[in-house]
There are 2 protein chains.
Amino acid sequence: MSDNFEKLISPLEKEIDDLLPSISVDCVILGYKNQQLKVLLLQWKHSGKWALPGGFVRRNENLDDAAQRVLEQRTGLSKIFLKQFHTFGSLERSTIKQIDAGYKALIDFHKQNKKVYEWINNRFISTGYFALADIRKTHPIPDAFSQKCEWKPITAMPDLILDHNTITEKALDYLGVQLNYLPIGLSLLPQKFTMQDLQKLYEAILGRSLDRSNFQRKMLKLGMLVRKEKLMTGAANKAPYLYSFNRAVYKKLLQEGIGFSY
Amino acid sequence: MSDNFEKLISPLEKEIDDLLPSISVDCVILGYKNQQLKVLLLQWKHSGKWALPGGFVRRNENLDDAAQRVLEQRTGLSKIFLKQFHTFGSLERSTIKQIDAGYKALIDFHKQNKKVYEWINNRFISTGYFALADIRKTHPIPDAFSQKCEWKPITAMPDLILDHNTITEKALDYLGVQLNYLPIGLSLLPQKFTMQDLQKLYEAILGRSLDRSNFQRKMLKLGMLVRKEKLMTGAANKAPYLYSFNRAVYKKLLQEGIGFSY
DNA sequence: TTGGTATTGTGTATTATTGACACATTAATT
DNA sequence: AATTAATGTGTCAATAATACACAATACCAA
């Protein structure tokens, strides 16, 4: 187990010289399934603590590309919505490393490897990235430090290492504030979806229920939805239509911000 | 001149060991005077190029505090609105150093001082901070690298070093988007101001003229303005009232966002 | 064929907001 | 008393938000 772990972190040791010091990225990757908003989390090997997917920035790599790389490595997805939302630079986030059970275990574990030990013991300023992913398309993959990579509903978040709970909250605030400027539906729903799917998604984000009739009327009026065939479920009732987005119209609307009260 | 400059930058040489590598902050400090929005800029000594006030982060200092420190050192003001708005991390912003006339002069100038030369030649990721200041209360002070520190109207911005023009534009975008959540009036206007002052400020930010009557009706209805005595100018007409903000009400309104269309 | 059911489309009354103006009133100076 | 800028109020039309009601549709099963 210990040996196994040593082998796994060796890539980091080799990589360190190629990394920018003091800087890291953390990703809050949001998905939507079973009418719930979810975040992609990693469970660390030695402590069992949960953490946001994150990583370091290479000397020859754009900050945005570092986040993109982390995202791809964890989800297998490359073309999803990704945007920086805040940079976390308080001193506490590094001093807390000594107290945080999850992080402490990691540090203790590396006392024998001076290079890695010094690296992870340093102070990092971390830029938080916000991503929207279609859960059905993802294949969560743990990183070298983790034993699990899973989607967790935001209504039942575990305790995360360091300030990762704070980072997550800030990302969700961002979602609320930027609602009319983010490709919510396009990113979180499958290619084809029902009007009810869309409404439930907005209800989950807004945290309140919406009038079915008015919601549909307004959504259709925006002109960004394309009606497809019906979804035959086998239920004894009229089958709902499936919709997909007209990307061109959607993106144009987002640029101005969908002035909309739902 | 050369000697003089050497002396001036020596503090940086001593400070370098106490600084976090790879990270810097840049401040877009906005003010309002003569019905114009203005930005505080520095003019560098050896090239005459203009730049945003910026600085580095001490190992034992919060990122926010570093920005606060830069702000205080340039304006003499400590209690003004300051908020991070974006982190600039593209590779280009450092590779362009070789081409940028302003920066190149600075680099060349330090070829003999290895420590400083290597430091400024490094790649930095910079967090942009957005500040709102009352111009009347500021006393602009150049830093060790600069010969001037002045307010320049945003309608006539000079060419800035590196990506500082981009940073400024992004800050102004931020201003527009966050308008209803920022203490515009409280920060940019003097303690007492007329309704017309307030309207002109909003017109400058929004870039369009507003209906006088509707603007006043809405503003007063928000209940955040306190009417004071009149402003006697000596002109042959009715004197305008002076107003000040009820800070408690104003801040409460900002939390929700002033739902307002001006 | 018919009944039960969820989906979908449409109407509509109420209330609130916005934008553009008109116009009357007030007050400071000359 | 005349001039001027500031202030206060009214109003009309257009648009949007909110809350419902109800009719029409179409799927399956019995």
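Convention: sequence-line order gives letters A, B, ...; per-chain numbering from 1.
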Taking [atom1] from [X] and [atom2] from [N], how many angstroms apart are they, rounded to a whole number?
X: A:Leu242; N: C:dT7; atom1: CG; atom2: C1'; result: 13 Å
X: A:Leu198; N: C:dT8; atom1: CG; atom2: P; result: 12 Å
X: B:Leu225; N: D:dG8; atom1: CG; atom2: P; result: 12 Å
X: A:Gln196; N: C:dT8; atom1: CD; atom2: C1'; result: 12 Å
X: A:Lys221; N: C:dG11; atom1: NZ; atom2: P; result: 14 Å
X: A:Lys228; N: C:dT7; atom1: NZ; atom2: P; result: 21 Å
X: B:Gln199; N: D:dA6; atom1: CD; atom2: C1'; result: 12 Å
X: B:Asp197; N: D:dA5; atom1: CG; atom2: C1'; result: 14 Å

By side chain to side chain contact (heavy atoms under 4.5 Å, CB included), B:Asn62 pairs with (sequence neighbours left out) A:Ser90, A:Leu91, B:Asp65
Original post:
Quick one: do A:Arg74 and A:Glu72 make a salt bridge, cutoff under 4.0 Å?
Top reply: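 No, A:Arg74 and A:Glu72 are not salt-bridged.
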### Query
For C:dG19, does OP1 or OP2 lie under 4.0 Å from any side-chain N or O of B:Arg208?
no
Distance below 4.0 Å between B:Lys218 side-chain N/O and C:dT17 OP1 or OP2: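 For B:Lys218, the contact criterion (side-chain N or O under 4.0 Å from OP1 or OP2 of C:dT17) is not met.
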Should B:Met195 and B:Tyr243 be marked as a side-chain contact (heavy atoms from CB on, under 4.5 Å) after you check the CA-CA gap, both sets of side-chain angles, and the distance that decides it?
-> CA-CA 7 Å; B:Met195 187 61 78; B:Tyr243 293 88; 3.9 Å; yes
Query raised in the report: Is there a donor in the side chain of B:Tyr129 and an acceptor in the side chain of B:Asp64, or the other way round, less than 3.5 Å apart?
Result: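 Per modelled atom types, B:Tyr129 and B:Asp64 side chains form a pair under 3.5 Å.
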With distance as the sole criterion, is a donor-acceptor pair present between the side chains of B:Thr138 and B:Thr75 under 3.5 Å?
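Result is no, nothing qualifies.
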Protein heavy-atom contacts under 4.0 Å, written 5' to 3' over nucleotides 21-30 of chain C as B (base), S (sugar-phosphate only) or - (none), form the string BB---BBBB-
Item to complete: Flag the pair A:Tyr32 / A:Phe193 as yes when their ring centroid distance falls below 6.0 Å, and as no otherwise.
Response: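 Ring centres of A:Phe193 and A:Tyr32 not closer than 6.0 Å.
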